There are 2 protein chains.
Amino acid sequence: MSGPGQPLPTALPGRAPKVGCSAAGCAACEVRHLTFCAGLEAAEINHLSALVSRQTHGPHHALFYEGDTAEHVYNVTRGAIKLYKLLPDGRRQITGFLLSGDFLGLAGKDGYSYSAETVTAVDLCRFQRKKLDQLFAQFPQLERRMLKLATDELIAAQDQMLLLGRRTAAERVASFLVRLSERETVRGLPGNPVYMPMTRGDVADYLGLTIETVSRTLSQFKHNRLISLKSLTEIELVDKARLLEMAAS
Amino acid sequence: MSGPGQPLPTALPGRAPKVGCSAAGCAACEVRHLTFCAGLEAAEINHLSALVSRQTHGPHHALFYEGDTAEHVYNVTRGAIKLYKLLPDGRRQITGFLLSGDFLGLAGKDGYSYSAETVTAVDLCRFQRKKLDQLFAQFPQLERRMLKLATDELIAAQDQMLLLGRRTAAERVASFLVRLSERETVRGLPGNPVYMPMTRGDVADYLGLTIETVSRTLSQFKHNRLISLKSLTEIELVDKARLLEMAAS
DNA sequence: CGGTCGATTTGACGCACGTCAATGCCTTGG
DNA sequence: CCAAGGCATTGACGTGCGTCAAATCGACCG
């Protein structure tokens, strides 16, 4: 798996992702509590509002590539994004999927450490890193919040290492479904059926497997009545208890 | 691989790890430039000095376990530490090895996200998280520095995901040797031969392999004149160019 | 409505790496 | 010096997942 993606449904009837702050401004942002913008006073929010530039992109749009100078920092307010790294021969590892409220753009001195591409149509809040750094000086609260986000991401990355290094294919897929469901729940969505907008290839490259193994594992889950496929991108978790057990950590 | 480790040479003749700041205080700390203590004024260093408690531990000593309340934060000033996560059935993933100058103790709300155990004898600088947080309020510089460290760790974690998800056994071992060598170089050590104090089991659990595969891969490298084993814990990188190529990212 | 194209599923088969089992080696201690 | 206890290495063999290849499905379009 590598190369640019192909057309995917931009939205699903009756399951349109929650709309973010695209028009109304940061004060009305529905996902602010999830982002680094959380916990700011009204006055501070206005400072942020002045800095932000809003963007919308269609599916399968490259935002930046690994190694690019990291000039911007983003919050996702709608849709899904994938982050990935490539080996010279094209092998790909997806390091994360971002949903609304997720943050994007931490980078070391060598620029972005991964490439970013939209999975579905997305809305983004974009900040210039330079200007944001100035704001950090004014509002240490923001930097504290950023450290918390980075720490949470690090913890998630460590969990993923455990998954990639030591879990079986079935455990990986079960864990993926359960985690995706939980992330939707946190965002006020039902979480069951799970909305899974990425391709099997994306899932495979996230879980360190092949497309075929992901597909076969899902088929096996279906056969064992653990899940039921409403459509290619909608999976009902029928036996969530058993799935949780498989995903157990 | 799991369970507590067994005796290992505490030091190697002629290769004793660099001594840290154990006696002289932070002002004389040899690894400060690598830690979050970097870039502070003399006065600020004194504040830190007042907070720090120094510890020494022998090899194979557990510092804390995953889930423990995260009361402390550490800097390693001598020796090597491993961080790991366990699955209920005992499968283990080592998420990182720490050397002198490395930082330890970022944690989410569920306490430490990994267990920590010494590999060799170590010296540590220990801070109470609560007190350190107070210092952060006084010196935003410190928090900035902490964010940088967390970001660097996150980037390293993403590299490790790529390794665990997509690299072959030979690539993993080559990458491990080369990175260990580079880390020693940064610390002013020769970096060749590489000093590798952890057991084959530790390496296996770090690379998502088994002891046998690590051992076989090293034997194959030896046979192909890529490396030469001076001892179990000292590996000469004979054909570093070829190793770098295998590790290529 | 039939055709096209890519994504997904399914099947057959192979292999890289895991498992199981000696054997060897190094360190420690009597 | 010998014995014991752990690692580490090596060999033989097994298997989970990858590879290759062929349906099948589903969305889009003229």
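Please read all numbers here as calculations on a predicted model, not as lab measurements. Quick note on labels: first sequence line is chain A, next is B, and so on, each numbered from 1.
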- May I ask you to say what B/Leu207 touches in the nucleic acid, namely base, sugar-phosphate or nothing, with a heavy-atom cut-off under 4.0 Å? nothing

Rounded to whole Å, CD of B/Gln220 lies from C1' of D/dT10 at a distance of 14 Å

Here the distance between atom P of C/dT8 and atom CE of A/Met196, to the nearest Å, is 8 Å

For the pair B/Glu182 and B/Arg179, find out whether any cationic side-chain nitrogen is under 4.0 Å from an anionic carboxylate oxygen.
no

To the nearest angstrom, the NE2-P distance between B/His60 and D/dG5 comes to 19 Å

Testing C/dC17, D/dT9, C/dT9 for proximity to the side chain of B/Ala169, the answer is C/dC17

B/Ile211 CD1 to C/dC20 C1', in whole Å, measures 13 Å

Rounded to whole Å, the CG-C1' distance (A/Leu232 to D/dT24) equals 12 Å

note: B/Leu164, atom CG; D/dC17, atom C1'; distance rounded to Å ~ 17 Å

Atom CG of A/Asp89 and atom P of D/dG18 are separated, to the nearest Å, by 15 Å

- Query: Is B/Glu212 side chain donor-acceptor paired with the C/dC17 base, going by distance under 3.5 Å alone?
  - Reply: no

Quick check on D/dG18: is either OP1 or OP2 less than 4.0 Å from any side-chain nitrogen or oxygen of A/Thr213?
yes

_Between D/dG16 and A/Arg216, counting only base atoms on the nucleotide and side-chain atoms on the residue, is there a donor-acceptor pair under 3.5 Å?_
no

(Q) Can you tell me if A/Arg200 touches the phosphate of C/dT9, counting only side-chain N or O atoms and a distance under 4.0 Å to OP1 or OP2? (A) yes

Rounded to whole Å, NZ of A/Lys230 lies from C1' of D/dG26 at a distance of 18 Å

Checklist line | Residues B/Arg91, A/Glu171: salt bridge by 4.0 Å N-O rule | finding: yes

Query - Ionic contact status for A/Arg187 with A/Asp102, cut-off 4.0 Å - result: yes

What nucleic acid atoms does B/Leu218 come within less than 4.0 Å of, heavy atoms only: base, sugar-phosphate, or nothing?
nothing

Check: Any side-chain N or O of A/Ser219 under 4.0 Å from OP1/OP2 of C/dT9?
Finding: no

| message | Quick check against the 3.5 Å criterion: does B/Arg172 have a side-chain atom that pairs as donor or acceptor with the backbone of B/Leu207? | response | yes

Checking D/dC7, D/dG11, D/dT9 against the side chain of B/Thr199 (C-beta onward), the nearest is D/dC7

- Item | Note: B/Arg166-A/Asp205 ion pair, threshold 4.0 Å (strictly below) | yes

